[in-house]
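Okay, structure first, notes after.
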Amino acid sequence: MTRAVKRALKYRFYPNPEQAAELARTFGCVRLVYNMALRARTEAWTLRQERVSYNTTSAMLTAWKKTEELAFLNEVSSVPLQQALRHLQVAYTNFFAKRAKYPTFKSKKKSRRSAEYTTSALRYRDGRLTLAKMTEPLDIVWSRPLPDSASPSTVTVSQDAAGRWFVSLLCDDVIEQAPAPATGVVGVDAGLDSLLALSTGEKITNPRHERRDRAALARAHRNLTKKEQGSANRAKARLKVARVHARITDRRRDHLHKLTTRLVRENQTIVIEDLTVRNMVNNHSLARAISDAAWRQFRTMLEYKADWHGRTLVVVDRWFPSSKLCSACGALAERMPLNVRSWTCRCARTHDRDVNAARNILAEGLSVIACGGGVRPQRESSRTGRSSAKQEPPGATQGIPVL
């Protein structure tokens, strides 16, 4: 069984000086157009209570190009500039739908340097990619082949803080969906001592990528603080700091990719817990460790890979007391501090805290699938007071004697 999906494949490339200069100009123009359009839309609403659409900002861009001050916008491809306006429109759509905050201005130093090209501004032939306003193709390191007979519909060029250049190609791909294993069901509990605890009893060690490079990171930051503001030596020191951060990020992403791919390949149903990482990092004692664990990134990878391969991903409510429940008898402990890693229930069963939580998460997720119940535990203050029990239609038990 196959499924058609959209995949973005990211590669590293090495531009020549002319290409690097052209892309740097494009990044600057994209940032400028985005900020000018955002300012125009904000002022129109603040002063005149008027909503400005994408078509209006596109007409503004045409007028800006005809002015003497902004004539340099004609020197770069027009497609990335139009795409910047489309991205701004998406940001406003998400804001009005209450899915995101109000759009903010792009910063020259802090914002991501990127430009998006569509099919009208690129040429892909025989494995060679040439962008608009360029005479030579990009020197791309093809670390993995593109899908057969694939033609990129969108190409995004970016440069990270460490100075590395990347190109992301959006292509149509066909994924082979393997048959589901007979007993492939697993519950996953995320933690800090162990990155993941599975309901099978297996624990996956937390590699702590940031802690491994913490000494090198501190040394690079100390060297950066000693350099004069605006000097060339400070720019070199900043690059060294960015390279350490990039190494940490790359290792973390690679490890999470391997974990999520393994879970999706071995299991048909995966049950995880809904964690509010944004609130949890407010605990300053654990914020650094939580950020290094990258629980949100793990969930994002698991979601799209499960969708690709036809797996079932169940997310249990964050208030479900997975750590305090006994997976054997169902008794609920009154307190379970973080320093308690193993505990004994009144039924005389001794539990490992993380493995017990993973088993409870799995049981709750399976009850949701089978019975359609809610994943929030029963509370006295709830209006319905229903737990994840089987809900039968009226009259289904008519005629059956009550014992």
Side-chain angles (χ1 to χ4, degrees), residues 180-208 255-277 280 286 289-290 292-303 305-306 309 311-371 373-378 387-388:
T183 58
V185 179
V186 67
V188 181
D189 177 66
L192 296 179
D193 289 342
S194 299
L195 182 62
L196 299 178
L198 307 183
S199 57
T200 58
E202 178 186 359
K203 283 188 172 184
I204 298 175
T205 305
N206 187 356
R208 303 182 187 274
H255 184 65
L256 292 179
H257 269 301
K258 292 175 180 177
L259 283 180
T260 52
T261 300
R262 174 198 159 189
L263 290 174
V264 169
R265 285 179 177 176
E266 295 178 354
N267 303 279
Q268 172 61 27
T269 302
I270 305 170
V271 186
I272 62 176
E273 189 176 11
D274 183 20
L275 298 175
T276 54
V277 181
M280 297 174 72
L286 300 175
I290 292 174
D292 191 25
W295 292 334
R296 182 63 201 182
Q297 190 176 16
F298 166 78
R299 174 176 172 176
T300 301
M301 291 181 179
L302 205 58
E303 284 176 345
K305 290 181 181 181
H309 296 280
R311 307 307 193 199
T312 302
L313 180 65
V314 182
V315 182
V316 175
D317 191 88
R318 69 192 64 165
W319 301 111
F320 177 69
S322 58
S323 299
K324 297 192 292 184
L325 274 179
C326 175
S327 57
C329 67
L332 181 64
E334 295 183 359
R335 296 180 66 255
M336 190 64 60
L338 288 177
N339 60 347
V340 176
R341 308 316 304 172
S342 63
W343 58 287
T344 302
C345 181
R346 59 191 179 191
C347 66
R349 180 70 65 88
T350 302
H351 298 289
D352 180 275
R353 178 194 181 103
D354 299 331
V355 175
N356 176 70
R359 290 171 179 168
N360 286 326
I361 290 172
L362 174 61
E364 182 70 6
L366 293 180
S367 69
V368 172
I369 296 176
C371 307
V375 292
R376 185 182 297 274
Q378 182 176 355
S387 60
S388 295

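Because the structure is a prediction, the values reported are computed rather than measured.
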Look up atom [atom1] in [X] and atom [atom2] in [Y], then write down how far apart they are to the nearest 0.5 Å.
| X | Y | atom1 | atom2 | value |
| --- | --- | --- | --- | --- |
| Leu198 | Asp189 | CG | CG | 9.5 Å |
| Asn206 | Leu192 | CG | CG | 7.0 Å |
| Arg262 | Lys305 | CZ | NZ | 13.0 Å |
| His257 | Gln297 | NE2 | CD | 7.0 Å |
| Thr276 | Arg296 | OG1 | CZ | 11.0 Å |
| Ile290 | Trp295 | CD1 | CH2 | 4.5 Å |

Work out which heavy atom in [X] is nearest to a heavy atom in [Y]; give both atom names and the distance.
| X | Y | result |
| --- | --- | --- |
| Leu313 | Ala306 | CB-CB, 4.3 Å |
| Asp193 | Arg208 | CA-NH2, 3.7 Å |
| Pro207 | Leu195 | CD-CD2, 4.2 Å |
| Ile270 | Leu263 | CD1-O, 3.7 Å |
| Thr205 | His255 | O-NE2, 4.3 Å |
| Asp317 | Glu273 | O-CG, 4.3 Å |

Steps toward side chain to side chain contact (heavy atoms under 4.5 Å, CB included) verdict (Leu338, Leu286):
CA-CA 11 Å; Leu338 288 177; Leu286 300 175; 4.1 Å; yes
Which of these passes side-chain contact (heavy atoms from CB on, under 4.5 Å) with Val185: Thr312, Leu366, Thr200?
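With Val185 as partner, side-chain contact (heavy atoms from CB on, under 4.5 Å) holds for just one option, Leu366.
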Among all residues two or more places apart in sequence or in another chain, which pass the salt bridge (Lys or Arg N to Asp or Glu O under 4.0 Å) test with Arg353?
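None.
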Check salt bridge (Lys or Arg N to Asp or Glu O under 4.0 Å) between Asp352 and all other residues, then give those that pass, not counting sequence neighbours.
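Scan of Asp352 (salt bridge (Lys or Arg N to Asp or Glu O under 4.0 Å), adjacent residues dropped) gives Lys203.
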Could you list the donor-acceptor pairs under 3.5 angstrom formed between side-chain atoms of residues 354-361 and any protein atom two or more places apart in sequence or on another chain?
from	atom 1	to	atom 2	distance (Å)
Asp354	OD1	Arg341	NH2	3.0
Asp354	OD2	Arg341	NH2	3.2
Asn356	OD1	Ser327	N	3.1
Asn356	OD1	Ser327	OG	2.9
Asn356	OD1	His351	ND1	3.4
Asn356	ND2	Leu325	O	2.7
Arg359	NE	Ser199	O	3.3
Asn360	ND2	Ser322	O	2.8
Asn360	ND2	Leu325	O	2.8
Asn360	ND2	Asn356	O	3.2

Check against side chain to side chain contact (heavy atoms under 4.5 Å, CB included), Val315 and Arg299
CA-CA 10 Å; Val315 182; Arg299 174 176 172 176; 3.9 Å; yes
Is there a donor-acceptor contact under 3.5 Å from the side chain of Ser367 to the main chain of Glu364?
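A pair under 3.5 Å: yes.
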